[in-house]
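What follows is a short report on a single structure.
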Amino acid sequence: MEFKFTYIPEFLKTLEKLPKKNQKQIIKKIKMVQQMSSTEIFQYIKPLVVPIDLKTHRLRVGDYRIFIRRDGDTFEFQNIDIRGSAYKK
């Protein structure tokens with residue numbers, strides 16, 4: 001199965017506000033995930049344990065968490081947050 005990856009505008013705006021070092025780290029991880037096969041991708045993109053909604057997944061990148069909504073074969077990058085406050089929303 002080949003996946004599609006999209007980004008909502010707020011995700012890109014949040015990414016631009018992060019320090020350059022963190023931006024590079026996140027972009028590198030996203031590119032790595034985009035190159036993975038369907039069996040490998042779920043070693044990195046994991047569903048939330050207590051899901052806000054069953055389609056929400058997370059990707060861990062250092063101290064940041066990237067929230068992704070999965071709909072079939074499409075992953076939509078929605079939000080980036082610091083680990084400590086990421087799950088309090």
Side-chain angles (χ1 to χ4, degrees):
M1 174 183 266
E2 191 170 315
F3 295 109
K4 298 173 193 160
F5 298 90
T6 61
Y7 309 88
I8 65 169
E10 290 81 10
F11 175 85
L12 298 173
K13 287 178 187 176
T14 303
L15 181 62
E16 289 175 358
K17 293 177 185 177
L18 297 177
K20 293 290 183 199
K21 177 184 172 190
N22 299 111
Q23 286 181 23
K24 288 180 184 179
Q25 186 181 19
I26 289 169
I27 291 167
K28 181 179 176 181
K29 184 71 141 245
I30 289 172
K31 286 181 180 181
M32 181 185 80
V33 166
Q34 289 176 335
Q35 300 300 315
M36 291 180 174
S37 69
S38 60
T39 55
E40 296 174 313
I41 199 166
F42 294 107
Q43 294 175 3
Y44 292 90
I45 295 179
K46 303 193 179 208
L48 292 179
V49 176
V50 181
I52 298 166
D53 112 29
L54 297 173
K55 296 181 179 184
T56 303
H57 291 65
R58 69 165 171 83
L59 174 63
R60 194 177 116 203
V61 183
D63 288 337
Y64 290 91
R65 298 299 176 265
I66 299 173
F67 293 95
I68 306 161
R69 182 173 174 83
R70 180 178 178 208
D71 191 12
D73 64 347
T74 301
F75 287 96
E76 181 180 68
F77 289 81
Q78 296 193 326
N79 192 21
I80 302 171
D81 210 340
I82 282 281
R83 179 179 55 90
S85 61
Y87 302 104
K88 294 180 182 176
K89 294 180 179 177

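Here the structure is a predicted model, which means the values were calculated and not measured. Along the sequence shown, the residues carry numbers beginning at 1.
Rounded to the nearest 0.5 Å, atoms CD (Gln25) and CD1 (Ile30) are 11.0 Å apart. Note that CG of Asp81 is 11.0 Å distant from CD1 of Ile66, once rounded to the nearest 0.5 Å. To the nearest 0.5 Å, atoms CG (Asn22) and OH (Tyr64) are separated by 4.0 Å. Residue Lys20 holds its NZ atom at 10.0 Å from CG of Leu18, rounded to the nearest 0.5 Å. In this structure, OG1 in Thr74 is found 5.0 Å from NZ in Lys4, a value given to the nearest 0.5 Å.
Residues Phe75 and Thr6 have side chains not in contact (no heavy-atom distance under 4.5 Å, counting atoms from C-beta outward). Side chains of Asp73 and Glu2 form no contact here, defined as non-hydrogen atoms less than 4.5 Å apart. Taking the side chain as every heavy atom from C-beta outward, Arg60 and Arg65 approach each other to under 4.5 Å.
Using a distance-only test at 3.5 Å, with no hydrogens or angles considered, no donor-acceptor pair links the side chain of Glu10 to the main chain of Gln78. Panel note: side chain Glu76, backbone Arg69; no donor-acceptor pair is recorded below 3.5 Å.
Remark: Phe11 engages Tyr7, Phe77 in a ring-ring contact (aromatic ring centres under 6.0 Å, His included) (not counting sequence neighbours). With sequence neighbours excluded, the residues forming a side-chain contact (heavy atoms from CB on, under 4.5 Å) with Thr39 are Ser37, listed by chain and number. Listed by chain and residue number, Lys29, Met32, Val33, Met36, Leu59 satisfy the side-chain contact (heavy atoms from CB on, under 4.5 Å) test with Tyr44 (two or more places apart in sequence, or in another chain).
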Derivation and outcome, side-chain contact (heavy atoms from CB on, under 4.5 Å), residues Leu15 and Ile27: CA-CA 9 Å; Leu15 181 62; Ile27 291 167; 4.1 Å; yes
Trace of the side-chain contact (heavy atoms from CB on, under 4.5 Å) decision for Leu48 with Arg58: CA-CA 6 Å; Leu48 292 179; Arg58 69 165 171 83; 4.0 Å; yes
